[in-house]
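First up is the structure itself, then whatever we jot down about it.
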Amino acid sequence: MHRNPQSGLIPPANGAWAWLAPGNSWGWSNAGLISDGEESLLVDTLYDLELTDEMLAKMRDAEPLANNIDTLVNTHANGDHCHGNELVCGAEIIASSASAAEMAELPPEAMAAIVAMAPDMGEMGRYFLDCFGQFKFEGITFTPPTKTFEGELHLQVGDKPVELIEVGPAHTRGDILVHSPKDRVVYTGDILFIEGTPIIWEGPVNNWTEACRRIEAMDVDHIVPGHGPITDKHGVAAVRQYLEFVHEQARQRYDAGMSAFDAAKDIELAEYSAWSDPERIAVNVDSLYREFRGEQAASDVFELFARMAALAGYDVATP
Ligand SMILES: [Zn+2]
């Protein structure tokens, strides 16, 4: 696993905290805390209860307002950003309408069931366990949002305005940014993977590059990604350039009649191969091909994991 240079609770600005995971591979997600006056707002929970519990304990030690979190915002539907929701007792849980619908489709029990089956799934199961085996999905109670919105939602934490800005569908169906202008901080969820490969589960890719441009235009000092270290505008530009590069490379191969998986194998990632989990190119090209064909339906997720496992060097049969 790529290790992050800094991890744990980081105060990036007065009254706005970042929680950084120790690494940035599968499931190792970041979170944030904004507080002011008598109020506090948590940005995302983590992949399992133990990780979320540890984070909340550290937040409470550093910031008494974290003992009674008023608002929890889930940036998107992936479990590594919402599986710990049940531990934020009494908070209003806010997500985009699209994220709330998507969360209900892959509840924690489904992940627990897949991990339980993985030992019988050969090399593909081994890849799956290498990605997700260190998390504990058993016993998590699915805790969905209590309030949803579309577009933008303006909140107030003490005297601080906090803007929720829907920029999806992009990484997932309902990605949002959480911007605290007074703290000069934006929490981007998985619109930013820093030093890790972005994964396009949903698209269209232009929504995602547009979201990057929106962050690049913000008057902020601290940019907290969904995965990887705190970054700056150069880090945002690198994510956008990766997406533009993959878009262009996939389009050339689509026009030449190459299959999505052959294209994923054929694209020379050059400097991007140093980012963690470069095999996510298999999902990215598949999503771009769906976009080129004008298809809505997502591809079979087991097939996509088989392709990623093959690219990562596991001995998996792929068509
Ligand atoms: Zn994530």
Side-chain angles (χ1 to χ4, degrees), residues 1-5 20-30 47 78 80 123-135 170-172 188-203 205 208-209 211-212 225-229 231 234-254 258-292 298-319:
M1 180 167 81
H2 287 228
R3 312 295 303 184
N4 284 341
L20 300 183
N24 62 6
S25 193
W26 296 98
W28 292 103
S29 48
N30 300 332
Y47 215 178
N78 287 165
D80 51 333
E123 277 287 280
M124 160 109 162
R126 193 166 71 84
Y127 174 66
F128 203 80
L129 287 176
D130 285 347
C131 295
F132 302 109
Q134 55 280 62
F135 304 104
H171 164 65
T172 60
T188 71
D190 286 2
I191 291 300
L192 295 180
F193 288 75
I194 299 300
E195 295 166 21
T197 305
I199 186 161
I200 310 170
W201 288 118
E202 194 65 32
V205 70
W208 195 334
T209 52
C212 290
H227 296 265
T231 194
H234 297 291
V236 186
V239 172
R240 176 172 52 75
Q241 285 155 6
Y242 169 87
L243 295 167
E244 289 166 349
F245 169 78
V246 173
H247 187 185
E248 183 199 314
Q249 295 288 317
R251 184 74 219 194
Q252 286 169 11
R253 287 162 179 79
Y254 175 82
M258 200 182 278
S259 77
F261 189 38
D262 283 342
K265 288 186 278 195
D266 191 54
I267 292 171
E268 186 58 61
L269 286 173
E271 74 263 30
Y272 301 118
S273 61
W275 290 358
S276 65
D277 313 308
E279 69 269 24
R280 290 172 179 168
I281 186 73
V283 176
N284 294 342
V285 174
D286 188 78
S287 292
L288 285 161
Y289 269 48
R290 278 195 285 116
E291 195 178 319
F292 299 151
S299 297
D300 179 69
V301 77
F302 286 98
E303 169 60 26
L304 295 175
F305 268 93
R307 291 182 197 172
M308 288 193 284
L311 286 184
Y314 293 70
D315 188 15
V316 176
T318 49

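Throughout, residue positions are numbered sequentially from 1 according to the sequence presented.
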Exercise. Taking N30 for the side chain and G228 for the main chain, is one N or O donor matched with an acceptor at less than 3.5 Å?
Worked result: yes

Exercise. What heavy-atom pair brings S276 and G196 nearest, and what distance separates the two atoms?
Worked result: OG-CA, 3.3 Å

Seminar exercise, completed: Correct closest heavy-atom pair for A310 and F261 would be CB-CZ, 4.1 Å

For this session: Apply side chain to side chain contact (heavy atoms under 4.5 Å, CB included) to the pair D300 and L304, showing each step before the final yes or no.
Result: CA-CA 6 Å; D300 179 69; L304 295 175; over 6 Å; no

For this session: Just jot down the ring-ring contact (aromatic ring centres under 6.0 Å, His included) partners of F245, sequence neighbours excluded, or say none.
Result: Y272

Exercise. Strictly by modelled atom types, are D190 and H227 linked by a side-chain donor-acceptor pair under 3.5 Å?
Worked result: yes

Problem set entry | Any donor-acceptor pair under 3.5 Å from S273 side chain to L269 backbone | no

For this session: Find the distance between CD (Q241) and CD (E248) and round it off to the nearest 0.5 Å.
Result: 12.0 Å

Exercise. Any donor and acceptor pair, going by atom type alone, linking the side chain of E279 with main-chain N or O of R307 inside 3.5 Å?
Worked result: no

Problem set entry | Partner of I281 under side-chain contact (heavy atoms from CB on, under 4.5 Å), chosen from L311, I200, D266 | L311

Exercise. Taking side chain as C-beta onward, heavy atoms only, is S287 less than 4.5 Å from W201?
Worked result: no

Seminar exercise, completed: d(R280 CZ, Y242 OH) to nearest 0.5 Å is 9.0 Å

For this session: First locate atom CD of E202, then atom CD of E291, and finally report the distance between them rounded to the nearest 0.5 Å.
Result: 10.5 Å

For this session: Given side chain to side chain contact (heavy atoms under 4.5 Å, CB included), test F305 with V283 step by step and report yes or no.
Result: CA-CA 8 Å; F305 268 93; V283 176; over 6 Å; no

Exercise. How far apart are the closest heavy atoms of A21 and S29, and which atoms are they?
Worked result: CB-O, 3.5 Å

Exercise. How far does SG of C212 sit from CG of L192, to the nearest 0.5 angstrom?
Worked result: 5.5 Å

Exercise. Listed by chain and number, what are the side-chain contact (heavy atoms from CB on, under 4.5 Å) partners of A263, not counting sequence neighbours?
Worked result: R253, M258, V285, Y289

Exercise. Can you tell me how far the CD atom of Q249 sits from the CD atom of E244, to the nearest 0.5 Å?
Worked result: 12.5 Å

Exercise. Under the 3.5 angstrom rule, does the side chain of T188 hit a backbone N or O of I191 as a donor-acceptor pair?
Worked result: no

Seminar exercise, completed: Taken to the nearest 0.5 Å, the spacing of W275 CH2 from S25 OG works out to 14.5 Å

Problem set entry | Qualifying residues under ring-ring contact (aromatic ring centres under 6.0 Å, His included), relative to Y127, sequence neighbours excluded | Y314

Exercise. Would you call the rings of F193 and H171 parallel, tilted or perpendicular, where under 30° means parallel and over 60° means perpendicular?
Worked result: perpendicular

Problem set entry | Heavy-atom check, side chain of R240 versus side chain of W208, under 4.5 Å | no

Exercise. Below 4.0 angstrom, N of the basic side chain to O of the carboxylate: do E123 and R126 qualify?
Worked result: yes

Seminar exercise, completed: ring-ring contact (aromatic ring centres under 6.0 Å, His included) test vs F135 passes for just one of W26, F128, W28, namely W28

For this session: Please lay out, stage by stage, how R290 and D286 fare under the test side chain to side chain contact (heavy atoms under 4.5 Å, CB included).
Result: CA-CA 6 Å; R290 278 195 285 116; D286 188 78; 4.0 Å; yes

Exercise. Which atom pair, heavy atoms only, marks the closest approach of V316 to M124?
Worked result: CG2-N, 3.9 Å

Exercise. Between T197 and D277, does any side-chain donor sit less than 3.5 Å from a side-chain acceptor?
Worked result: no

